[in-house]
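Structure first, then comments.
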There are 2 protein chains.
Amino acid sequence: MSPASVTINDVARAAGVSKSLVSLTLNERPGVKEETRERILQVARELGWTPHPGARGLSLRRAYALGLVLRRSPRTIEVDPFFASFIAGVETVLAERGNVLVLTVVPDRAAEERAYERLAADKRVDGFLLTDLLADDERIPLLERLGSFAVSLGEPLGGSPFPAVTRDYDAGIDELVQHLVGLGHRRIAHVSGDERMLHGRRRRERFETAARAAGIDPLVVPTDFSPEQGAEATKALLDREDRPTAIVYGNDPMAIAGMGVAHERGLDLPADLSITGLDGSQIGSFVYPSLTTLDNDPAGFGLAAATALLRLVEDGEAGDVALPPARLVVRASTAAPSGR
Amino acid sequence: MSPASVTINDVARAAGVSKSLVSLTLNERPGVKEETRERILQVARELGWTPHPGARGLSLRRAYALGLVLRRSPRTIEVDPFFASFIAGVETVLAERGNVLVLTVVPDRAAEERAYERLAADKRVDGFLLTDLLADDERIPLLERLGSFAVSLGEPLGGSPFPAVTRDYDAGIDELVQHLVGLGHRRIAHVSGDERMLHGRRRRERFETAARAAGIDPLVVPTDFSPEQGAEATKALLDREDRPTAIVYGNDPMAIAGMGVAHERGLDLPADLSITGLDGSQIGSFVYPSLTTLDNDPAGFGLAAATALLRLVEDGEAGDVALPPARLVVRASTAAPSGR
DNA sequence: TTGAAAGCGGTACCAG
DNA sequence: CTGGTACCGCTTTCAA
């Protein structure tokens, strides 16, 4: 078994030509007589030959691989519904271009830095997909220094030489706040995510803006995006004199944890408390009451990011991509506040 | 920038030796004079040289990479809390051995097969991590045919030439059923997972055994592990005359969806209905009531599986590994049944 | 239009 | 111990 894998030489020999011609043919380069070309293709097919990306990469200085480094503390590691779909989206474009995804999950910043350095030094990947962008992300200068290519999800505040894939959440947040206000809410709180994370901060800012625009004084409790802190924040909010009648959570896992706290206190949801998430996870439609949130498109992000990165790597073309804006998804967790 | 990466030749030249010696030194092979060895090491350090795994692999016919192919239908793609931790566990062993993880997420069986074939044909990886094992998994013969190495999570029924990493859930399920029986439950249902999946079937069987041992007639509703079907199954169960007082769900996302249904019907949890999961996810402790379940150790699985696979690839040594058995985690979602 | 040969960055074998 | 050389599988001049 395991036929000692056929190489370009086998094909050349079987077709009675030099390997140069096989190479030229394979790469759809001109200068090969049509007849010869077809014979080579034919033989290659018969032999089931497919070029070895490793060997190819050695000549061309390419890895035919893209890198994704995920930093996840043990406490938030399993709560993120974004990545499976994101990676599936990445995969659709990589697969058809003979590329592959190298995934690394690290627990902390030190390990993260080492991961990027090693992957770059070993030329394991041709570029990086940058997710979970921080407001002033150190990975940008790091990757610049390493001479790597990259594409970021979101636009770093500090500026960046790399293309960004962006998606507007502002309009969605406006819609969300207006939805709550329209229902009659006046005391609306926001359990925000990690301030250092770009989307966490951005959403918090926009929430505040939208609230003020509606004549409401925004109440914000910062967290690290973990359900633990989401639950804590909820308790703190519900303990207040002027407890909010609606809470907007920075992500769905926190919203679910917040629901748990509310239920535990015997609140009737959504009458006593309206709750929303901000990133449209699947599980959100199965909790009770089902979660009002913004929609999200992880696969779209993956597809766009991988496409942009490959373009950058292969053609040197940078260029931002804007995804369709987030929209409000109204489900059952929001309603007019009961008299209280 | 991006110093045209230093190679073994640069090191050899700078150290005034041939590259053979550099190679021998690097690989800790004997036959290099201590003095020379140190000089080479010193120079390598100064130049920041690190061997190129690609080039190395070309000689040694190794990819220094392990493959993980995940099949996820769009409907269950984001609900699995297992993988982030699993991959983190894998990473801990790969990182320190200069290996890397190639991850592919595919939507269906055809794409899955293609993924394995391509990864193997292109020699992108040295072996595969097999998760989500089916009772009679076609990937086993496929990978045998491809002449690949692999390690499976769980033991395929059809037999397998590959090492398996196993974990006993039987005792935990017994414990769980006894826990419910001890609380006074007599009508206990199991919303089981995909019958074709090994752990789904195995758990269902053990549930039945344990129930019968307790003198209870087991009631089982099969699903595909998705929260949708978990919710459906719950509705069906709650509609019955002899509705169960406790439901054991095949995984935590379904349990959460089940809770949603129960809440929606105005049931008081856990008094009116006890609910349990079976795979100890983090989010389970933040729903209300917090979820009684079995513990799980995805990172332990990752570590063990990667270790076993590397042993197989590098030393040709196969050998099963047994992880510590699953234990019951009692939280707030189980209690004595109310009179009804 | 084609083939020979050098090179990508390593490893391994063989003389010396 | 050490250096020279062939080779891993593929791409790319350069002559013919």
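Sequence lines set the chain letters: A, B, ... in the order given, protein chains first and strands last, and positions in each chain run from 1.
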| said: Strictly below 4.0 Å, N to O, side chains only: are D315(A) and R311(A) in salt-bridge contact? | reply: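 No salt bridge links D315(A) with R311(A).
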
| said: Less than 4.0 angstrom from a charged side-chain N to a carboxylate O is my criterion; do R97(B) and E314(B) meet it? | reply: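 E314(B) and R97(B): salt-bridged.
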
| task | Apply the test side-chain hydrogen bond (donor to acceptor under 3.5 Å, both in side chains) to residues Q42(A) and R45(A): give CA-CA distance (whole Å), side-chain angles for both, the deciding distance (0.1 Å), then the verdict. | result | CA-CA 5 Å; Q42(A) 168 65 15; R45(A) 210 172 308 118; 3.1 Å; yes

Between atom [atom1] in [X] and atom [atom2] in [N], what is the gap in whole Å?
| X | N | atom1 | atom2 | answer |
| --- | --- | --- | --- | --- |
| L58(A) | dG7(C) | CG | C1' | 9 Å |
| Y64(B) | dC8(D) | OH | C1' | 12 Å |
| R62(B) | dG9(C) | CZ | C1' | 17 Å |
| H52(B) | dC10(D) | NE2 | P | 16 Å |
| K123(B) | dG9(D) | NZ | P | 9 Å |
| E35(A) | dT2(C) | CD | C1' | 14 Å |
| N9(A) | dA4(C) | CG | P | 12 Å |
| I40(B) | dG3(D) | CD1 | C1' | 12 Å |

| Between G54(A) and S18(B), which has a closest nucleotide on DNA chain D that is more 5'? |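 Result of the comparison: S18(B).
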
| Looking at L94(A) and A306(A), what are the two nearest heavy atoms and their distance? |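 Minimum heavy-atom contact is CD2-CB, 4.4 Å.
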
| query | Does T36(B) put a side-chain nitrogen or oxygen below 4.0 Å from OP1 or OP2 of dT2(D)? | reply |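 For T36(B), the contact criterion (side-chain N or O under 4.0 Å from OP1 or OP2 of dT2(D)) is met.
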
| request: Taking N27(A) for its side chain and R29(A) for its backbone only, find out whether a donor-acceptor pair lies under 3.5 Å. | output: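 Pair absent, no side-chain N/O of N27(A) close to backbone of R29(A).
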
| Can you give one letter per nucleotide of nucleotides 11-16 of chain D, 5' to 3': B if a protein heavy atom sits under 4.0 Å from the base, S if only from the sugar-phosphate, - if neither? | BB----

| message | Can you tell me if E317(A) has over 12 outside heavy atoms packed within less than 6.0 Å of its CD? | response |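 Yes.
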
| task | Return yes when atom CD of E34(A) has more than 12 non-hydrogen atoms of other residues, nucleotides or ligands closer than 6.0 Å, and no otherwise. | result |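 Enclosed.
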
| query | When we call it a touch if two heavy atoms are under 4.0 Å apart, what does T50(B) touch: a base, just sugar-phosphate, or nothing? | reply |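 T50(B): backbone/sugar contact only, no base atoms under 4.0 Å.
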
